[in-house]
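Only this structure's heavy atoms are used, side chains among them; waters, hydrogens and symmetry mates stay out. Small disclaimer: the values here were computed from a predicted structure and weren't measured.
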Amino acid sequence: METEDTSILKDPELLSGALIDVAKHLGNLTFRVWAKMLGMVQYTPVTMDPNTARADLSLSDDLTTVRDTDTAQNCPDNPERFMPCVSVLGSEGFTSGKHSWEVKVGNKPKWTIGVAKESINRKGNEPVSPEDGYWLIMLRNGDEYRAAGVTDLTLERKPQSIRVQLDYDGGEVSFFNSSDMSLIYTFKHTFTERVFPLFSPCVRDDGRNDEPLTICRVKVSVTVRSSQ
């Protein structure tokens, strides 16, 4: 009877490229996923508080855009809500640290943006000056810029968006033209209570000021550090 000779059986040959370099593909998987997400992941550094918005202001669903509708909505007259000032505050206040956000103002002929202290009177037309708890810059009549309650401003170019930087502990609120980060104005003050971002699209001038104010989104970044 013939028997099968198994003494010369060999291992099967591996095809070229059949093995996966596991270390290469999995070793930095977390970072590779983050790298691909960088173009998609964004966040908004501050949002708006609808409970503070005057009744004729309309906020977007994500609370990053405000416009004047010129029509009062059915809103409760809660103590936090502005009336008659055409304003809305940020949803988060600050009592320390450094914070920044960017506001798209576009070609609006009127707007006001900046920072206000928590205890301001929201039910009247009081002066908007640093002494009254406001650190704001404003545009009027399309080309008249002011640091509210302090001085008129001269800008070389009309900004489309403005960076607001708050240094609470350092006692500064600074405004920059976002396109080239040129300084517009800096308020100096010793803060003693919580302060909030403030946005005012201002009332319409015969329908010419219906563009919104929008808080710009910021892309997430990843920093790589070597472990020790």
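Atom OG of residue Ser60 and atom CZ of residue Arg67 lie 9.5 Å apart, to the nearest 0.5 angstrom. Distance check: Arg163 CZ to Ser182 OG gives 12.0 Å after rounding to the nearest 0.5 Å. Atoms CE and CZ, from Met83 and Arg122 in turn, are 15.5 Å apart once rounded to the nearest 0.5 Å. Rounded to the nearest 0.5 angstrom, Met48 CE and Thr65 OG1 are separated by 6.0 Å. Summarising the geometry, atom CD belonging to Glu156 is positioned 8.5 Å from atom CG belonging to Asp180; distances are rounded to the nearest 0.5 Å. Considering CG of Leu166 and OG of Ser96, their distance stands at 9.5 Å, rounded to 0.5 Å.
Cluster membership check: Phe191 shares its hydrophobic cluster with Ile113, using side-chain heavy-atom separations under 4.5 Å among Ile, Leu, Val, Met, Phe, Trp and Tyr. Under the 4.5 Å side-chain heavy-atom criterion for grouping Ile, Leu, Val, Met, Phe, Trp and Tyr, Val218 is not connected to Ile162 through any hydrophobic cluster. Under the 4.5 Å side-chain heavy-atom criterion for ILVMFWY residues, a single connected hydrophobic cluster contains both Phe199 and Val203. In the hydrophobic cluster analysis, where Ile, Leu, Val, Met, Phe, Trp and Tyr join through side-chain heavy atoms closer than 4.5 angstrom, Trp101 is grouped together with Val105. Put simply, Leu213 and Leu139 are part of the same group of oily side chains (I, L, V, M, F, W, Y) that touch within less than 4.5 Å, one to the next.
No side-chain heavy atom of Gln165 sits under 4.5 Å from any side-chain heavy atom of Leu183. No side-chain heavy atom of Phe82 sits under 4.5 Å from any side-chain heavy atom of Leu57. Contact check for Ser87 versus Arg54: no side-chain heavy atoms found under the 4.5 Å cut-off. Annotation: side chain of Asn177 is not in contact with side chain of Leu155 (no heavy-atom distance under 4.5 Å). Annotation: side chain of His99 is not in contact with side chain of Pro45 (no heavy-atom distance under 4.5 Å). The shortest side-chain heavy-atom distance between Tyr145 and Ile137 does not fall under the 4.5 Å cut-off. Between Val115 and Leu198 the shortest side-chain heavy-atom distance does not fall below 4.5 Å. With contacts defined as side-chain heavy-atom distances shorter than 4.5 Å, the pair Ser129/Val150 does not qualify.
Judged purely by distance below 3.5 Å, without hydrogens or angles, the side chains of Thr64 and Thr44 never pair a donor atom with an acceptor atom. The closest side-chain donor-acceptor pair between Thr69 and Ser58, if any, does not fall under 3.5 angstrom. Side-chain atoms of Glu193 and Ser119 include a donor-acceptor pair closer than 3.5 Å. Side-chain contact annotation: Asp49 with Thr52, donor-acceptor N/O pair under 3.5 Å absent. Judged by distance alone, the side chains of Ser200 and Thr112 never bring a donor and an acceptor atom under 3.5 Å apart.
Residues Phe196 and Gly93 share a closest heavy-atom pair of CE2-N, 3.3 Å. Smallest separation of non-hydrogen atoms from Met181 and Phe176: O-CD2, 3.5 Å. Contact detail for Asn209 and Pro109: the closest heavy-atom pair is OD1-CD, 3.2 Å. Between Glu126 and Asp132, the shortest heavy-atom contact is OE2-O, 4.3 Å. When all heavy atoms are compared, the tightest approach of Gly124 to Cys85 is O-SG, 3.3 Å. Minimum heavy-atom separation, Arg157 to Ser179: CD-OG, 4.4 Å.
Side-chain atoms of Asn125 never come within 3.5 Å of backbone atoms of Pro84 as a donor-acceptor pair (strictly under, hydrogens ignored). Remark: side-chain polar atoms of Arg146 are not paired, donor with acceptor, to backbone N or O of Asp152 under 3.5 angstrom. Between the side chain of Asp169 and the backbone N or O of Gly97 there is at least one donor-acceptor pair closer than 3.5 Å.
A side chain to side chain contact (heavy atoms under 4.5 Å, CB included) with Val164 holds for exactly one of Ile215, Val173, Ile184; it is Val173.
The pair Lys110-Asp68 fails the salt-bridge criterion, with no side-chain N (NZ, NE, NH1 or NH2) lying under 4.0 Å from an Asp/Glu carboxylate O. Ion pairing between Lys123 and Asp77 holds under the 4.0 Å rule for side-chain N and carboxylate O. Under 4.0 Å is where a charged nitrogen must lie from a carboxylate oxygen, and between Glu102 and Lys104 no such pair does. Under 4.0 Å is where a charged nitrogen must lie from a carboxylate oxygen, and between Glu211 and Lys108 no such pair does.
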> Where do Ser178 and Gln160 land on the side chain to side chain contact (heavy atoms under 4.5 Å, CB included) test, with the steps shown first?
Replying inline: CA-CA 8 Å; Ser178 299; Gln160 294 294 299; over 6 Å; no
>> Go through it in stages, so that I can follow the logic: the residues are Val103 and Thr214, the test is side chain to side chain contact (heavy atoms under 4.5 Å, CB included), and I'd like the CA-CA distance, side-chain angles, deciding distance and then a yes or no.
In response: CA-CA 6 Å; Val103 184; Thr214 301; over 6 Å; no
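Aromatic rings of Tyr168 and Phe94 (six-membered ring for Trp) have centroids beyond the 6.0 Å cut-off, not under it. In this structure, Trp135 has its ring center at least 6.0 angstrom away from the ring center of Phe175.
Heavy atoms from other residues, nucleotides or ligands lying under 6.0 Å from NZ of Lys98 number 12 at most.
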